[in-house]
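First the structure, in the form of structure tokens, and then the observations on it.
Every chain is numbered from 1, with letters handed out A, B, ... down the list of sequences.
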There are 2 protein chains.
Amino acid sequence: MKLTAKARYAVMAITDIAVSSKNGGAVSLSDISVRQAISLAFLEQLFGKLRKAGLVDSERGALGGYKLAGAPAKIHIGAVMRAVEEEIQTKRCGDTGIGCTIKGAKCLSHDLWQAMEDHIEGFLDAISIQDVIDQRFPQICPELVTNGLTANEMAAAE
Amino acid sequence: MKLTAKARYAVMAITDIAVSSKNGGAVSLSDISVRQAISLAFLEQLFGKLRKAGLVDSERGALGGYKLAGAPAKIHIGAVMRAVEEEIQTKRCGDTGIGCTIKGAKCLSHDLWQAMEDHIEGFLDAISIQDVIDQRFPQICPELVTNGLTANEMAAAE
DNA sequence: ACTAATTCCGACTAAATAGGTCAAGTATTA
DNA sequence: TAATACTTGACCTATTTAGTCGGAATTAGT
């Protein structure tokens, strides 16, 4: 899961469809291109992947375009981002062992990166297109539990 | 806050100091270089920034090296990563307005990226070097609150 | 049938970034 | 005084990013 501009454009574009579609009709990429200021050629590249991932359906020909494959509340940001970025998990410490495996043992920070990735992924998978439209996002969890103390308690203990 | 290999190396190296230091003595970069399989030249680059950020103290001369500026429990991963990556927040949607501001209004996904960044930053700031050594990481918060429903409740409601 | 609008597909590319290296020092101490 | 260690900044290079380009296939309206 990469957090790049490409992934952001994909979310913007697919959100645009949810907002702009009339009666569930198809929305053309040229319309999205104008509204979101993203080049048509780049949108074509993105929507090829979104279609293959089953997130949108296409209608070819004149008056064609794309429509969401499901309800906005059922399409999650994480899925959109994974669709347009080929590598699900990139360059994770330990894939090669270089700089991670020391005499056969996992490095201390290996699990840290895994926990971080899980956290980011969990966050993005918890948000649907509908949530974005409604501007409804998860707040930071106030009780990040580490060894029985909350983050706030740990800060106070310092 | 960028999540690159450079930032990971910095965390690995600073964790190495916490683990390898004898009686709080300085640890040389050449030792870290060997143990963590990171080039000495690259470590020098990283520790220059860590020192300026006040996360480590240096001792020059023979038998010199670096030591942590504070207790491992007081140095947090987020601070380490911010120290080695110059831009705190990069490429955020809306900095230029291109592809974000449409007729003067913020794009729908603008706040999404902000919420995501806050979430990642909160996660990393909650973890100290000591936590990494003890392999103690925050679990995914089971109650991601969005509009009063937890993530689980929302999934069930779909 | 013809035309215009649109998706589909793969190759290509310019610019930026990541991830380093190298050279030439300066400071400290065994 | 030699060895070790830190300091600084310029430089380098492969990869990734963020696209473009050209053309083919498909469909709706005239």
Tell me which one of A/Leu50, A/Val80, A/Thr15 satisfies side chain to side chain contact (heavy atoms under 4.5 Å, CB included) with A/Ile75.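 Only match with A/Ile75 under side chain to side chain contact (heavy atoms under 4.5 Å, CB included): A/Val80.
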
Close side-chain approach of B/Met81 to B/Lys6, heavy-atom, < 4.5 Å: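 No, their side chains stay 4.5 Å or more apart.
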
For [X] and [N], give me the distance from atom [atom1] to atom [atom2], rounded to whole Å.
{"X": "B/Leu40", "N": "C/dG19", "atom1": "CG", "atom2": "P", "value": "19 Å"}
{"X": "B/Ile38", "N": "C/dA18", "atom1": "CD1", "atom2": "P", "value": "17 Å"}
{"X": "A/Asp57", "N": "C/dT7", "atom1": "CG", "atom2": "C1'", "value": "13 Å"}
{"X": "A/Phe42", "N": "C/dG10", "atom1": "CZ", "atom2": "C1'", "value": "16 Å"}
{"X": "A/Leu50", "N": "C/dC8", "atom1": "CG", "atom2": "C1'", "value": "14 Å"}
{"X": "B/Lys52", "N": "D/dT8", "atom1": "NZ", "atom2": "C1'", "value": "8 Å"}
{"X": "B/Leu29", "N": "D/dT8", "atom1": "CG", "atom2": "C1'", "value": "14 Å"}
{"X": "A/Leu63", "N": "D/dG29", "atom1": "CG", "atom2": "C1'", "value": "8 Å"}

For the base of C/dT28, is there a side-chain donor-acceptor partner from B/Arg60 under 3.5 Å away?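 By the distance-only test, no, there is no pair.
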
Checking only heavy atoms, does the side chain of B/Glu44 share a donor-acceptor pair with the base of D/dC6 at less than 3.5 Å?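 Answer no: no donor N or O sits under 3.5 Å from an acceptor.
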
DNA chain C: A/Ala41 or A/Gly61, which has the more 5' nearest nucleotide?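 Closer to the 5' end of DNA chain C: A/Gly61.
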
Side-chain N or O of [X] closer than 4.0 Å to phosphate OP1/OP2 of [N]:
{"X": "B/Thr4", "N": "C/dG19", "result": "yes"}
{"X": "B/Ser58", "N": "D/dA5", "result": "no"}
{"X": "A/Ser39", "N": "D/dT20", "result": "yes"}
{"X": "B/Arg51", "N": "D/dT8", "result": "yes"}
{"X": "A/Tyr9", "N": "D/dG19", "result": "yes"}

At under 4.0 Å between heavy atoms, what does [X] touch on the DNA or RNA strands: base, sugar-phosphate, or nothing?
{"X": "B/Glu59", "result": "sugar-phosphate"}
{"X": "A/Gly48", "result": "nothing"}
{"X": "A/Phe47", "result": "nothing"}

Who pairs with A/Ala53 by side chain to side chain contact (heavy atoms under 4.5 Å, CB included), at least two apart in sequence or on another chain?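 Scan of A/Ala53 (side chain to side chain contact (heavy atoms under 4.5 Å, CB included), adjacent residues dropped) gives A/Leu55, A/Ala83.
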
Determine the interplanar angle of the B/Tyr66 and B/Phe47 rings, folded into 0 to 90°, and report it as parallel if under 30°, tilted if 30 to 60°, perpendicular if over 60°.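 Ring orientation of B/Tyr66 relative to B/Phe47: tilted.
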
Side chain of A/Ala62, heavy atoms from C-beta onward: which of D/dT27, C/dT21, D/dC6 has the nearest atom to it?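 Output: D/dT27.
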
Nearest-neighbour nucleotide for the B/Tyr66 side chain, D/dA28, C/dT21, D/dC6 considered: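 Side chain of B/Tyr66 sits closest to D/dC6.
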
Take A/Lys67 and A/Asp57, measure what salt bridge (charged side-chain N to carboxylate O under 4.0 Å, His left out) needs, and give me the verdict at the end. CA-CA 5 Å; A/Lys67 53 177 67 171; A/Asp57 292 326; over 6 Å; no

So, the side chain of B/Ser20 versus the backbone of B/Asp16: is there a donor-acceptor pair under 3.5 Å, distance only?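 Yes, the answer is positive, given that a donor and an acceptor are paired below the 3.5 Å cut-off.
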
Using heavy-atom distances to pick each residue's nearest nucleotide on DNA chain D, tell me which of B/Gln45 and B/Ser28 is more 5'.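 Here B/Ser28 is the residue nearer the 5' end.
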
